[in-house]
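One structure is given here, and the rest of the page talks about it.
Everything quoted here is computed from the prediction, not taken from an experiment.
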Amino acid sequence: MGHAEPELFASREAIQQAVGRVASEISGQCSDGAVLVSVLKGSLPFLADLVRAVDISVEVDFMALSRFAADSGRVRLVKDLDCDVSGREVVLVEDIVDTGLSLGYLVGELHRRSAASVAVAALLNRSARRILPIEPDYMGFEAPDEFFLGYGLDWAGRYRNLDRLVIGDPDLLADDPDAYVSILY
């Protein structure tokens, strides 16, 4: 069975340019330093490149969410911060902002912990699916209503390590999670 090649959305070079722009914006806004909080697992490559590109003092920490039930919009915290964000500038680092439900939960949680400010840096902003009226403060790319793979984004744990972003076919992947493995690696 032959597979169509996924469409390239952003090359490694385009991603690095976006990371540089976002890092510069964060550095300008948070000149006294910030806590960069990565939302696991998808934002890890974005965070790693962002940390190296900012020219401010940063501390890095991680949070992870799990869905209570499919399509419920309800989430629970499964990995919490190790650091205290009280009185500190926080930048929440996300791979993709979609409905805004998870992001709204995390931003609210960080405010409840008395962060001095909470900003959001998103690699992709897919506003077509937005339910909560929340927008990233820093954005790599405005994303069409498509399914993305690469640079941290996955299907069943696969494709996170691609150095680029591609648009995949979720129906094809549902039938064969390895559909793109031979053509992308």
Side-chain angles (χ1 to χ4, degrees), residues 9-10 12 15-16 18-19 22-23 26 30 33-54 56-86 88-113 115 117-126 129-132 134-141 143 146-166 168 170 173 177 184:
F9 177 76
R12 176 166 179 67
I15 292 169
Q16 293 312 308
V19 168
V22 168
I26 290 171
C30 303
V35 179
L36 299 184
V37 175
S38 173
V39 182
L40 294 174
K41 299 177 185 173
S43 69
L44 197 53
F46 183 39
L47 172 77
D49 287 346
L50 205 52
V51 164
R52 290 189 297 262
V54 293
I56 57 172
S57 172
V58 294
E59 183 174 347
V60 173
D61 210 336
F62 303 91
M63 295 179 98
L65 294 176
S66 170
R67 301 239 176 266
F68 272 127
D71 298 324
S72 71
R74 295 184 61 214
V75 295
R76 64 185 173 93
L77 201 57
V78 294
K79 165 40 179 125
D80 204 348
L81 297 174
D82 293 322
C83 74
D84 180 5
V85 296
S86 178
R88 301 180 73 187
E89 308 288 325
V90 176
V91 178
L92 196 57
V93 180
E94 272 277 25
D95 52 358
I96 187 166
V97 177
D98 198 41
T99 62
L101 295 173
S102 296
L103 186 59
Y105 172 82
L106 289 170
V107 167
E109 186 61 30
L110 292 166
H111 281 302
R112 279 189 289 283
R113 296 174 187 199
S117 69
V118 180
V120 176
L123 175 65
L124 296 170
N125 181 37
R126 186 166 46 198
R129 294 190 185 178
R130 194 78 78 242
I131 294 171
L132 276 185
I134 189 167
E135 293 295 324
D137 301 277
Y138 313 104
M139 176 182 57
F141 302 96
E146 298 285 355
F147 185 79
F148 291 89
L149 297 168
Y151 199 69
L153 297 158
D154 74 309
W155 179 275
R158 296 159 177 86
Y159 310 105
R160 284 190 198 278
N161 61 326
L162 287 177
D163 65 355
R164 60 202 177 278
L165 284 164
V166 298
L173 291 163
L184 290 176

Inset, instruction - Determine, step by step, whether L103 and L132 satisfy the side chain to side chain contact (heavy atoms under 4.5 Å, CB included) criterion, reporting the C-alpha distance in whole Å, the side-chain angles of both residues, the deciding distance to 0.1 Å, and the verdict. - result: CA-CA 9 Å; L103 186 59; L132 276 185; over 6 Å; no

Inset, instruction - Check the pair L65 / L77 against side chain to side chain contact (heavy atoms under 4.5 Å, CB included), numbers first and verdict last. - result: CA-CA 5 Å; L65 294 176; L77 201 57; 3.7 Å; yes

Inset, instruction - Indicate yes or no: at least one non-hydrogen side-chain atom of L124 is less than 4.5 angstrom from one of L153. - result: yes

Inset, instruction - Return yes if a side-chain donor-acceptor contact under 3.5 Å exists between S43 and E94, otherwise no. - result: no

Legend entry - Note, K79 side chain near D61 side chain (heavy atom, < 4.5 Å): yes

Inset, instruction - Please name all residues satisfying ring-ring contact (aromatic ring centres under 6.0 Å, His included) with F9, sequence neighbours left out, ordered by chain then number. - result: F141, F148

Inset, instruction - Can you see which heavy atom on L47 is nearest to which on S38, and at what distance? - result: CD2-CB, 3.5 Å

Inset, instruction - Identify the heavy atoms of W155 and L173 that sit nearest to each other, and give their distance. - result: NE1-O, 3.3 Å

Inset, instruction - Tell me, please, which residues at least two apart from R164 pass salt bridge (Lys or Arg N to Asp or Glu O under 4.0 Å). - result: none

Inset, instruction - Locate the shortest heavy-atom distance separating P177 from Y159; write the atom from each residue and the value. - result: O-OH, 2.8 Å

Inset, instruction - Please confirm whether the backbone N or O of G152 pairs with a side-chain atom of D95, one donor and one acceptor, at under 3.5 Å? - result: no

Legend entry - Residue pair L81, M63: steps toward the side chain to side chain contact (heavy atoms under 4.5 Å, CB included) verdict: CA-CA 6 Å; L81 297 174; M63 295 179 98; 3.5 Å; yes

Inset, instruction - Nearest 0.5 Å please: distance from the CZ atom of R129 over to the CG atom of D98. - result: 5.0 Å

Legend entry - Nearest-0.5 Å distance that lies between atom CG in L40 and atom OG in S66: 12.5 Å

Legend entry - Side chains of Y151 and D49 in contact at under 4.5 Å (non-hydrogen atoms): yes

Inset, instruction - Output yes when a side-chain donor or acceptor of D154 lies under 3.5 Å from a complementary backbone atom of R160, and no otherwise. - result: no

Inset, instruction - Answer yes or no: is there a side-chain heavy-atom contact under 4.5 Å between R158 and L149? - result: no

Legend entry - Main-chain N/O of A34 paired with R88 side-chain donor or acceptor, under 3.5 Å: no

Inset, instruction - Ignoring hydrogens and angles, tell me if any N or O in the side chain of D137 forms a donor-acceptor pair with the backbone of V120 under 3.5 Å. - result: yes

Inset, instruction - Would you check if L165 and L123 make a side-chain contact, meaning some heavy-atom pair closer than 4.5 Å? - result: yes

Inset, instruction - For residues A121 and L50, report the shortest heavy-atom separation together with the two atoms involved. - result: CB-CD2, 4.4 Å

Inset, instruction - Provide the closest heavy-atom pair for A122 versus V97 in the form atom of the first, atom of the second, distance. - result: CB-CG2, 3.6 Å

Legend entry - Contacts of type salt bridge (Lys or Arg N to Asp or Glu O under 4.0 Å), residue E109, not counting sequence neighbours: R112, R113

Legend entry - Closest non-hydrogen atom pair between V90 and A115, with its separation: CG2-CB, 3.8 Å

